[in-house]
Colleague: 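Have a look at this one.
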2 protein chains.
Amino acid sequence: METVQLSRKDQIDQTATALFRTRGFAATSMRELAAALGMEAGSIYSHIRSKEELLHRICFRLAEDFFAGFDEASADDALPAAPRLRRAVESHVRVLTTDVAASAVFLHEWRHLSEPARTEFLALRERYEAGFRTLIAEGAAAGELYAPDPDFAALTLLASLNWLPTWYRPGGPLTPPDIAHRLANQLLFGLEVRS
Amino acid sequence: METVQLSRKDQIDQTATALFRTRGFAATSMRELAAALGMEAGSIYSHIRSKEELLHRICFRLAEDFFAGFDEASADDALPAAPRLRRAVESHVRVLTTDVAASAVFLHEWRHLSEPARTEFLALRERYEAGFRTLIAEGAAAGELYAPDPDFAALTLLASLNWLPTWYRPGGPLTPPDIAHRLANQLLFGLEVRS
DNA sequence: TACTAATCCTAACGTTCGTTAGCAAAGAAA
DNA sequence: TTTCTTTGCTAACGAACGTTAGGATTAGTA
């Protein structure tokens, strides 16, 4: 029964994601993972080919999610760059908060991918960041954004967002849309009151 | 001769820091570390007690550096909160850029500390972040800063800064003071042009 | 009923891990 | 010259690692 297999496989993926997040990929053993699933280590290999396959799936699935969200958020060419950037920020936060554990793995554990997956992953990441750079550069060129160095601004912007999985806990006082809105505001308007 | 011993020990610390940064603490073996130092794995134990001692020293040394910098930056009570915050940001960036590898380890590998070091470390970190929260809250109360939620603002501020070790490479086009200045500007003034 | 696919087990494989014991060389201090 | 400290080696320890082989059980399909 295919759905059952997929369901069990998804269960393994999910448990692995949680463990990779809290203990790190290298420090998580297959026996730990098996114990968390209520099974024996050898049994996992009825469902997966290798430990790294788990990491691979997590990282590349999230990459897809980020791309899909960004493309949708920035697609409307009629809109000025600034609101499109705001929507892209909100999309990024939405993906991050939808699966915090997977996001944390995506952000921190990708270096344990072996070649050529590692290089492929970094290329995707670079392409994604380039999307933000372009958006900010457009906004700066149009006078909508103050960004003397769009590359630097994009770096800082994504930095603020990507730290989120280290502190965000679902069920806290702030809902994901709240967080997205506040982050976008703080990053676009800054902290200091201007005269 | 004590200085020679310390020098060799420091060499081990430094090499360990670089390896822990790029490969992660758990994925770095003592044999790898020894090879990078041109010695055998067993020989390292003439200088250290355990692998974790290396991590412990790295993490807690950096914690001290951050505290010393912050205390100096925020000490001047005569100054308004906003410029003190700016100086604290610049100090944080200075510590990060002075030893990027150690900073990356400090930020990402501390979870491999075992108890009670781990709890002790987290308490230090919390105390440091509280310093920023207080500074931002003071600035907001005095009307110098726009921060409806100082805790949230502090989180985002440190997030932007702490991502730095993932992209900064010494010898790039930007000097550390440049970076500090730009980051402080972007975080305090934001991106969006106001009318 | 017979067959197939899914699921999990036990037992073990070869490898690598952090660490230790015991010994040796080499230079500084006495 | 003797002594001590520093530094490093080889060899090995027990434990844990990812993974595999081969078999058992179960449930759905034909």
Side-chain angles (χ1 to χ4, degrees), chain A residues 1-59 105 109-118, chain B residues 1-59 105 109-118:
Chain A
M1 196 191 293
E2 199 179 355
T3 55
V4 170
Q5 182 200 2
L6 286 179
S7 165
R8 192 48 165 159
K9 204 173 179 178
D10 286 352
Q11 220 175 329
I12 294 174
D13 278 1
Q14 194 175 318
T15 309
T17 304
L19 284 174
F20 291 170
R21 186 238 190 130
T22 53
R23 312 178 63 93
F25 174 78
T28 302
S29 74
M30 294 304 281
R31 285 167 179 84
E32 257 182 290
L33 173 57
L37 284 158
M39 61 199 299
E40 295 299 317
S43 310
I44 301 183
Y45 288 85
S46 300
H47 305 274
I48 66 164
R49 249 184 299 270
S50 69
K51 186 187 177 187
E52 185 173 335
E53 190 195 280
L54 289 168
L55 180 61
H56 189 282
R57 199 163 30 240
I58 297 167
C59 289
V105 173
E109 304 298 327
W110 56 265
R111 12 187 207 126
H112 297 109
L113 290 169
S114 51
E115 298 296 350
R118 192 187 142 110
Chain B
M1 193 190 291
E2 198 178 356
T3 55
V4 169
Q5 182 200 1
L6 286 179
S7 165
R8 193 49 167 159
K9 202 172 180 180
D10 285 352
Q11 219 174 329
I12 293 174
D13 278 1
Q14 195 175 317
T15 308
T17 303
L19 284 174
F20 290 171
R21 184 235 191 135
T22 54
R23 313 179 59 94
F25 175 77
T28 302
S29 74
M30 294 304 281
R31 284 166 179 87
E32 258 182 288
L33 173 58
L37 286 159
M39 60 198 301
E40 295 298 318
S43 310
I44 301 182
Y45 289 85
S46 299
H47 305 274
I48 65 164
R49 247 184 300 269
S50 70
K51 185 186 177 188
E52 185 172 335
E53 190 194 281
L54 290 169
L55 180 62
H56 188 282
R57 198 164 30 240
I58 298 168
C59 289
V105 173
E109 304 298 326
W110 55 266
R111 10 184 208 127
H112 297 108
L113 291 169
S114 51
E115 299 296 349
R118 191 187 142 109

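Quick note on labels: first sequence line is chain A, next is B, and so on, each numbered from 1. Atom set for the values below is all heavy atoms of this structure, side chains included, hydrogens, waters and symmetry mates excluded.
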Colleague: What's the CG-C1' distance between Leu54(A) and dC17(D), to the nearest Å?
Modeller: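 Whole-Å distance recorded here is 16 Å.
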Colleague: Which of residues 20-45 of chain A sit near DNA chain C, with a heavy atom under 4.0 Å from it?
Modeller: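 Those residues whose heavy atoms fall under 4.0 Å from DNA chain C, taken from residues 20-45 of chain A in numerical order, are Arg31(A), Met39(A), Glu40(A), Ser43(A).
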Colleague: Starting at CD1 of Ile48(B) and ending at P of dT6(D), how long is that distance when rounded to a whole Å?
Modeller: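 Answer to the nearest Å: 16 Å.
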Colleague: At less than 4.0 Å, is any side-chain N or O atom of His47(A) found next to OP1 or OP2 of dA6(C)? Yes or no.
Modeller: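 For dA6(C), OP1/OP2 do not have a side-chain N/O of His47(A) under 4.0 Å.
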Colleague: Can you tell me the distance, in whole Å, between the CD atom of Glu53(A) and the P atom of dT19(D)?
Modeller: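 Distance, rounded to whole Å: 10 Å.
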Colleague: Using a 3.5 Å distance criterion without hydrogens, assess whether the side chain of Arg21(B) forms a donor-acceptor pair with backbone atoms of Val105(B).
Modeller: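 No, Arg21(B) side chain to Val105(B) backbone: no donor-acceptor pair under 3.5 Å.
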Colleague: Partners of His112(A) by side-chain hydrogen bond (donor to acceptor under 3.5 Å, both in side chains), sequence neighbours excluded?
Modeller: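 With neighbours one apart ignored, the set is Glu109(A).
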Colleague: Can you name the side-chain hydrogen bond (donor to acceptor under 3.5 Å, both in side chains) partners of Gln14(B), sequence neighbours left out?
Modeller: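 Checked Gln14(B) against side-chain hydrogen bond (donor to acceptor under 3.5 Å, both in side chains); zero matches.
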Colleague: What is the distance from CG of Leu55(B) to C1' of dG18(C), rounded to the nearest Å?
Modeller: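 Answer to the nearest Å: 15 Å.
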Colleague: Among all residues two or more places apart in sequence or in another chain, which pass the side-chain hydrogen bond (donor to acceptor under 3.5 Å, both in side chains) test with Arg23(A)?
Modeller: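 Arg23(A) satisfies side-chain hydrogen bond (donor to acceptor under 3.5 Å, both in side chains) with Glu32(A) once adjacent residues are dropped.
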Colleague: What is the distance, to the nearest angstrom, from the CG atom on Leu19(B) to the P atom on dC17(C)?
Modeller: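 After rounding, the reported distance stands at 13 Å.
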Colleague: Tell me, please, which residues at least two apart from Glu53(B) pass side-chain hydrogen bond (donor to acceptor under 3.5 Å, both in side chains).
Modeller: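 Result, side-chain hydrogen bond (donor to acceptor under 3.5 Å, both in side chains) vs Glu53(B): Arg49(B), Arg57(B).
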Colleague: When you measure from the side-chain N and O atoms of Arg8(A) to the phosphate of dC8(C), is any distance below 4.0 Å, counting only OP1 and OP2?
Modeller: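 True: Arg8(A) side-chain N/O within range (under 4.0 Å) of dC8(C) OP1/OP2.
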Colleague: Could I get the full list of side chain to side chain contact (heavy atoms under 4.5 Å, CB included) partners for Arg31(B), not counting sequence neighbours?
Modeller: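 Once residues adjacent in sequence are excluded, the partners of Arg31(B) under the side chain to side chain contact (heavy atoms under 4.5 Å, CB included) criterion are Ser29(B), Ala41(B).
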